[in-house]
Amino acid sequence: MLQQTRVEAVIPYYERFLARFPDVGTLASADLDDVLSLWAGLGYYSRARNLKRAAEQLVTRFAGRLPDGVEMLRELPGVGRYTAGAIASIAFDHPAPIVDGNVARVLARLVGLREPIESSAVKARLWEEAERLADGPAPGDLNQALMELGARICIPRTPRCDLCPVSRFCDARAVGDAASLPVRAPKRAPKIVYAVAALVLRGGKALAVQRPAKGLLGGLWELPGGEVGARERGAAVLARVLRERTGLGVASIARTGAFDYAFTHRALRTAVYRCEAASGRVRLDGWDRHRWVAPESFAELPLAAVSKRALAIACDSDG
DNA sequence: AATCCGGGGGC
DNA sequence: GCCCCAGGATT
């Protein structure tokens, strides 16, 4: 859960998750949809899928226990160099290094690395430094201290060097450029995507569709709809998208609103509709499953934040 | 080496 | 509004 996600954001999800799946065996035998519903809203949904697969492998290969070595830990899905090092050092007290976003910033300043932190040369150097530091009497404590230093004192933009216990060893402090380190490569502008989505009703039930396991928002449910061209708009476009992607004809289409939503590397502009579906069988294109649900219980499905937004707008109007 | 993959806390 | 977060998998 903590991969690329702040501790404060994780805590409520972590509490609910562990209450529901208190041990590896429970998670391994759980229904994937139940795992996803507890993950819904946290983002990076492949992590949930990987975590469940890892639990399954722990049961079948390791009798439900975590191995203590970095090499075997890294064989688990979703466990990379950082996570393997964190488990090995914190749980088992092995001298394994870790470099997360916080540690990278601390070390870039401490050592004085002034090339873009994304470069492989800098990354290699960071892991070397982290390895040197972890090779001591309490590697788990050392690693956690490094991360905590980065999260509390050696923060981005406004480092609190006056409070830093290692400022007298810090190259950036001596040079005076701590606030501008680490250097980051410029990021590309998000791509603008236009979309339509609709609450499709038939006999008082609403059509919910499940996204494919791989890719964006994998395995989550949403309102049917889809990407449209930048200048496409209106009820006819919605009707065409729904016919192509659900096989359903729709009528009495009402536009209930629109909203903008920002993913990290995508800017989404969605027009939201409500409509009645004609009779006929659902034939999905681009979704794994569908369900007809009571509109009030749509929100109980595992939905991404963007889909909750669309649903709220679809239900908001009295149209 | 690049790209993809979410969401929100904190400024 | 912007930055960046207790990264990993895929291509």
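Remember, it's a predicted structure, so these values are computed and weren't measured experimentally. Convention: sequence-line order gives letters A, B, ...; per-chain numbering from 1.
- Across the protein-nucleic acid pair, A:L181 atom CG and C:dC4 atom P stand 12 Å apart, rounded to whole Å.
- A:L51 places its CG atom 13 Å from the P atom of C:dG8, with the value rounded to the nearest Å.
- Taking the six-membered ring where the residue is Trp, the centroids of A:F17 and A:Y13 are separated by 6.0 Å or more.
- One distance of note links CG of A:L133 with CG of A:L146; it measures 6.0 Å at 0.5 Å rounding.
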Can A:I117 and A:K123 be said to form a side-chain contact (heavy atoms from CB on, under 4.5 Å), step by step? CA-CA 6 Å; A:I117 205 162; A:K123 282 195 276 191; 5.7 Å; no
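- Taken to the nearest 0.5 Å, the CG atom of A:L301 stands 11.5 Å off from the CD atom of A:E222.
- Judged purely by distance below 3.5 Å, without hydrogens or angles, the side chains of A:R47 and A:N50 never pair a donor atom with an acceptor atom.
- No side-chain heavy atom of A:T83 sits less than 4.5 Å from a side-chain heavy atom of A:L73.
- Counting to the nearest Å, the P atom of C:dT10 and the NZ atom of A:K214 are 7 Å from each other.
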At under 4.0 Å between heavy atoms, which parts of nucleotides 1-11 of chain B does protein reach? Answer with one letter per nucleotide, 5' to 3': B base, S sugar-phosphate only, - none. S-SSBBBBBS-
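- The ring pair (Phe, Tyr, Trp, His ring centres under 6.0 Å) pairs that include a residue from residues 69-127 of chain A number zero, where partners must be two or more places apart or lie in different chains.
- When heavy atoms are screened at a 4.0 angstrom cut-off, A:R309 is found touching no nucleic acid atom at all.
- Here, C:dC4 and B:dC5 have their C1' atoms 15 Å apart, quoted to the whole Å.
- For the pair A:R266 and A:I192, the minimum side-chain heavy-atom distance is 4.5 Å or more.
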According to the Watson-Crick and G-U wobble definition with distances under 3.5 Å, which dot-bracket string, read 5' to 3', encodes DNA chain B, using [ ] for crossing pairs and | for pairs with another strand? |||||.|||||
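- Rounded to whole Å, atom P of C:dA6 lies 18 Å from atom CG of A:L142.
- For residues 265-288 of chain A, the set of pairs meeting the ring pair (Phe, Tyr, Trp, His ring centres under 6.0 Å) definition, not counting sequence neighbours, is empty.
- Nucleotides C:dC5 and B:dG6 are separated by 12 Å at their C1' atoms, to the nearest Å.
- Closest-nucleotide positions on DNA chain C for A:L2 and A:P77 were compared, and the one nearer the 5' end corresponds to A:L2.
- A side-chain N or O of A:T26 and one of A:D23 form a donor-acceptor pair less than 3.5 Å apart.
- For the segment residues 85-103 of chain A, residues with any heavy atom less than 4.0 angstrom from an atom of DNA chain C are, sorted by number, A:D100, A:G101, A:N102.
- At the phosphate of C:dC5, OP1 or OP2 sits under 4.0 Å from a side-chain N or O atom of A:R184.
- In this entry the distance linking CD1 of A:I155 with P of C:dA6 reads 12 Å, nearest Å.
- Spacing between C:dG8 and B:dG8 at atom P, rounded to whole Å, works out to 22 Å.
- Under a 4.5 Å side-chain heavy-atom criterion applied to ILVMFWY residues, the cluster that includes A:L181 comprises A:V183 as well.
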